[in-house]
Novice: 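Got a structure for you, questions after.
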Amino acid sequence: KSIRQIFSLHDNTPSVATLILTGLLPITAIIHKRMLGSFMRICSSPHSVEWRITKRQLALKHSSQPSFVNRIKAVLAKYNLPSVFAIFDNPISKNHWKDICDSAIDQYWCKSIIETSLLYPSLRYLNVHRYSPNVPHPVLALTSLSYHDCLRLPTKCQLLLGTYTLQSNRKKFNQTHNPICLLCKHTEETREHFLLQCESLHHTRLPIVEEIVSVLHNIRPHKPNLDGSHALLQVVLDASALSGYDELDIDTRSRIEFLTRRLCYTLHMARYRLLNNLPTRTRHGLYNSPYPNLDQYSLGGAPFIGGT
């Protein structure tokens, strides 16, 4: 939750998405690493009180009884590490044991986090396969010291993770809301519509999109295929999914990230201004609603301003 607050993400942001973006491991993985490290230190000190207590627990404690040794057994089994008896009888060096534990635990959680993230439809534009423990996702890794660039990051992250408040999102949680875009009133307001299609935002969007396309067309030899709006939307939300992305120089990647953040934030601010000029009832998404007397249930009468 604290990490979500730092990046101004909604509380309903999936935990796996936060981990993928930051490259952090779950707190459970950190605790398990500390437990295994402590156990190896005990095994390597045969003259200590802790070593004698551990030996006694190994001899007397049943597997169903709560004890430190039984918790260690469960952790070792979870990550397919050697048995507690093998480690206790033949301790190895601290650094070697740390490398073994880090590798096993990192691989386990990397696989688990990626598999879990694939179950969230809202994360379909996030390149989850870029997740690596202790390595931030390219969306966060490519940063600048510019205050404005940092200010734009939360908006892009919300759009990338599907938590930015669009009409289609509100419809899922409240059936009285109309999912049609309040600005152009032509079609459902999805991420693709908001970022690439809404006619009311065309003049705001066009110069930045043209600059993004120009940068991508100058890439050699891995010139990306931008046929169709879906491919361009993928670039805007997470360009690391492009083939040949890792071969791009750091300046090109930084430029793409800068422009996509700028596009998301500029459209967000333009949408906010246009929505603020609409009548309150229209902002609530209840125009042409079959329930004309439900104003009292729409956001408590507060004007809708979109994601922040």
Side-chain angles (χ1 to χ4, degrees), residues 8-10 121-122 124-125 148-149 151-216 226-239 256-292 294-295 297-308:
S8 300
L9 300 175
H10 289 296
S122 61
R124 61 184 176 274
Y125 295 109
H148 294 289
D149 198 34
L151 189 66
R152 295 164 181 157
L153 180 58
T155 302
K156 176 173 178 177
C157 287
Q158 290 177 21
L159 285 163
L160 172 61
L161 304 180
T163 58
Y164 186 89
T165 309
L166 297 168
Q167 290 300 107
S168 58
N169 299 82
R170 299 175 74 200
K171 178 67 175 180
K172 295 176 183 177
F173 296 98
N174 191 334
Q175 294 302 311
T176 65
H177 284 294
N178 195 324
I180 302 301
C181 176
L182 298 177
L183 302 181
C184 66
K185 300 181 177 60
H186 285 167
T187 187
E188 184 175 345
E189 189 183 38
T190 60
R191 280 182 284 184
E192 183 175 8
H193 175 80
F194 167 57
L195 290 171
L196 300 177
Q197 298 172 352
C198 183
E199 295 179 0
S200 299
L201 300 171
H202 175 73
H203 295 293
T204 302
R205 176 191 309 113
L206 184 60
I208 306 177
V209 170
E210 287 181 343
E211 191 169 357
I212 294 173
V213 173
S214 176
V215 171
L216 295 174
L226 296 180
D227 295 336
S229 58
H230 177 80
L232 183 56
L233 180 62
Q234 181 64 66
V235 172
V236 170
L237 293 176
D238 185 0
I256 293 172
E257 184 60 29
F258 168 78
L259 290 172
T260 54
R261 289 186 191 181
R262 180 184 171 199
L263 174 65
C264 294
Y265 186 76
T266 303
L267 290 175
H268 160 69
M269 294 304 298
R271 179 176 181 266
Y272 167 77
R273 287 191 294 267
L274 291 173
L275 288 175
N276 249 13
N277 293 330
L278 295 176
T280 302
R281 181 179 176 83
T282 303
R283 287 203 301 270
H284 290 165
L286 291 173
Y287 64 93
N288 298 328
S289 169
Y291 310 102
L294 290 179
D295 290 305
Y297 298 109
S298 58
L299 295 180
F304 168 64
I305 61 174
T308 56

Novice: Which pair of heavy atoms, one from L195 and one from R205, lies closest together, and at what distance?
Specialist: O-NE, 2.7 Å
Novice: Excluding sequence neighbours, so at least two apart, what forms side chain to side chain contact (heavy atoms under 4.5 Å, CB included) with T190?
Specialist: S168, E188, E192, H193
Novice: Using side chain to side chain contact (heavy atoms under 4.5 Å, CB included) as the criterion, list what pairs up with S122, not counting sequence neighbours.
Specialist: Y120
Novice: Just how far is it from atom CD of Q234 to atom CZ of R124, taken to the nearest 0.5 Å?
Specialist: 10.5 Å
Novice: If you round to the nearest 0.5 Å, how far is CG of L274 from CG of L182?
Specialist: 11.0 Å
Novice: Roughly how far apart are Q197 CD and L233 CG, rounded to 0.5 Å?
Specialist: 9.0 Å
Novice: Determine the minimum heavy-atom distance between C264 and T155, stating which atoms define it.
Specialist: O-CG2, 3.8 Å
Novice: Is there a side-chain contact between L263 and T260 (heavy atoms, below 4.5 Å)?
Specialist: no
Novice: State, yes or no, whether a side-chain contact exists between C198 and E189 at a heavy-atom distance under 4.5 Å.
Specialist: no
Novice: Hey, what do you get for SG (C181) to CZ (R271), rounding to the nearest 0.5 Å?
Specialist: 7.5 Å
Novice: Calculate, to the nearest 0.5 Å, the distance between atoms CD and CZ belonging to E257 and R261 respectively.
Specialist: 4.5 Å
Novice: List the residues meeting salt bridge (Lys or Arg N to Asp or Glu O under 4.0 Å) with R262, not counting sequence neighbours, and say none if there are none.
Specialist: E211
Novice: When rounded to the nearest 0.5 angstrom, what distance separates CD in Q158 from CG in L166?
Specialist: 10.0 Å
Novice: Which atoms form the tightest heavy-atom contact between L237 and K156, and what is the distance?
Specialist: O-CE, 3.2 Å
Novice: Could you label the plane-to-plane angle of the H268 and Y164 rings as parallel, tilted or perpendicular, counting under 30° as parallel and over 60° as perpendicular?
Specialist: perpendicular
Novice: Looking at every non-hydrogen atom in both residues, tell me the closest pair between L259 and I212 and how far apart they are.
Specialist: CB-CG1, 3.6 Å
Novice: Between R191 and L160, what is the shortest heavy-atom contact and its length?
Specialist: NH1-O, 3.1 Å
Novice: Please give me the minimum heavy-atom distance between L151 and Y265, naming the atom from each residue.
Specialist: CD2-OH, 3.5 Å
Novice: Do H10 and T165 come within less than 4.5 Å of each other through their side chains, counting heavy atoms only?
Specialist: yes
Novice: Would you indicate whether the side-chain heavy atoms of L201 and F194 approach each other to under 4.5 Å?
Specialist: yes
